[in-house]
Trainee: 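Next up is a structure, given as structure tokens.
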Amino acid sequence: MATVRVADVMTKRIVYLPAETPLDEAARAMAETDIGDVVVTDGANLAGMVTDRDIVTRSVATNRKPSSVTLGEVAVREIVIIEQSATLKEAAELMRRRSVRRILVADTDRQLVGIIAMGDLALIHETATTAQRN
């Protein structure tokens with residue numbers, strides 16, 4: 001059986017939004033593109049990442065209006081990146097070690113090419129388990 005690589009299962013849609021973007025606008029962008037995260041920028045630099053869960057736990061659940069809170073205020077600043085040729089096992093180990101559910105994916109030139117989420121790993125595991133049963 002061939003080794004599955006991060007590039008084989010990652011989401012290739014990356015939405016970049018400036019740190020000044022209000023959370024409600026970011027949530028709409030996520031809904032429109034059917035993704036659960038955005039990459040936050042500060043000019044040309046990466047400033048962090050915000051997930052749909054971050055919006056709920058850092059704004060809605062604390063009674064802060066999403067229209068008055070910016071991505072920059074809630075962004076997770078620690079950016080975790082993996083190379084697209086890494087194996088899914090390596091991605092899962094990195095997620096576990098860094099306690100994250102999503103990892104940015106880069107090519108060999110360190111340019112972002114996608115995002116891999118824990119859910120992506122679960123789908124591949126489920127597909128492989130089903131195939132082994134049949």
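Predicted model only: the values in this text are computed from it and were never measured.
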Trainee: Tell me, with the steps shown, if Thr11 and Ile116 meet side chain to side chain contact (heavy atoms under 4.5 Å, CB included).
Mentor: CA-CA 6 Å; Thr11 298; Ile116 187 163; over 6 Å; no
Trainee: Is a salt bridge present between Arg64 and Glu73, judged by a nitrogen-to-oxygen distance below 4.0 Å?
Mentor: yes
Trainee: Kindly compute the distance separating CZ (Arg5) from CE (Met10), expressed to the nearest 0.5 Å.
Mentor: 13.5 Å
Trainee: Start with the C-alpha gap between Glu78 and Arg98, add the side-chain angles, then the distance that decides, and say whether salt bridge (charged side-chain N to carboxylate O under 4.0 Å, His left out) holds.
Mentor: CA-CA 10 Å; Glu78 183 178 356; Arg98 299 295 287 274; 2.3 Å; yes
Trainee: Do Val100 and Met30 sit in the same hydrophobic cluster, where Ile, Leu, Val, Met, Phe, Trp and Tyr count as joined when their side-chain heavy atoms come under 4.5 Å apart?
Mentor: no
Trainee: How close do Val60 and Pro66 get, counting heavy atoms only, and between which atoms?
Mentor: CG2-CG, 4.0 Å
Trainee: Only counting residues at least two apart or in another chain, list the ones meeting side-chain hydrogen bond (donor to acceptor under 3.5 Å, both in side chains) with Glu93.
Mentor: none
Trainee: Judged by atom type as modelled, is there a donor-acceptor pair below 3.5 Å linking the side chain of Arg77 to the main-chain atoms of Ala47?
Mentor: yes
Trainee: Mind checking side-chain hydrogen bond (donor to acceptor under 3.5 Å, both in side chains) for Thr57 and listing every partner two or more places apart, or none if nothing turns up?
Mentor: none
Trainee: Linking directly or through intermediates, with side-chain heavy atoms under 4.5 Å: list the remaining ILVMFWY members grouped with Ile81, chain and number order.
Mentor: Ile14, Tyr16, Val39, Leu46, Met49, Ile79, Leu104, Leu112, Ile115
Trainee: Mind checking side-chain hydrogen bond (donor to acceptor under 3.5 Å, both in side chains) for Arg53 and listing every partner two or more places apart, or none if nothing turns up?
Mentor: none
Trainee: Side-chain contact test, heavy atoms from C-beta onward, threshold under 4.5 Å: evaluate it for Val6 versus Thr87 and give yes or no.
Mentor: no
Trainee: Indicate yes or no for a side-chain donor-acceptor contact from Ser59 to the backbone of Val56 under 3.5 Å, with no hydrogens or angles considered.
Mentor: no
Trainee: Any side-chain heavy-atom pair from Ile55 and Val74 closer than 4.5 angstrom?
Mentor: no
Trainee: Within a radius of less than 6.0 Å around CZ of Arg101, do more than 12 heavy atoms belonging to other residues, nucleotides or ligands occur?
Mentor: no
Trainee: Keeping the roles fixed (side chain from Gln111, backbone from Ala106), state whether a donor-acceptor pair exists under 3.5 Å.
Mentor: no
Trainee: Is Thr41 close to Pro18 at the side-chain level, that is, under 4.5 Å between some pair of heavy atoms?
Mentor: yes
Trainee: First locate atom CG of Leu23, then atom CZ of Arg58, and finally report the distance between them rounded to the nearest 0.5 Å.
Mentor: 10.5 Å
Trainee: Filter on salt bridge (charged side-chain N to carboxylate O under 4.0 Å, His left out), then keep only pairs touching residues 25-43, sequence neighbours left out; what's left?
Mentor: Asp24-Arg28, Asp37-Arg102
Trainee: Search all heavy atoms of Ala75 against all heavy atoms of Val50 and return the closest pair with its distance.
Mentor: CA-CG2, 3.5 Å
Trainee: Nearest 0.5 Å, please: how far is CG in Asp8 from CD in Gln84?
Mentor: 9.5 Å
Trainee: Grouping I, L, V, M, F, W and Y whenever their side-chain heavy atoms are under 4.5 Å apart, do Ile35 and Val80 come out in a common cluster?
Mentor: no
Trainee: Have a look at Val76 and tell me which of Val40, Asp54, Thr51 forms a side-chain contact (heavy atoms from CB on, under 4.5 Å) with it.
Mentor: Asp54
Trainee: Could you list the residues that satisfy side-chain hydrogen bond (donor to acceptor under 3.5 Å, both in side chains) with Arg13, not counting sequence neighbours?
Mentor: none
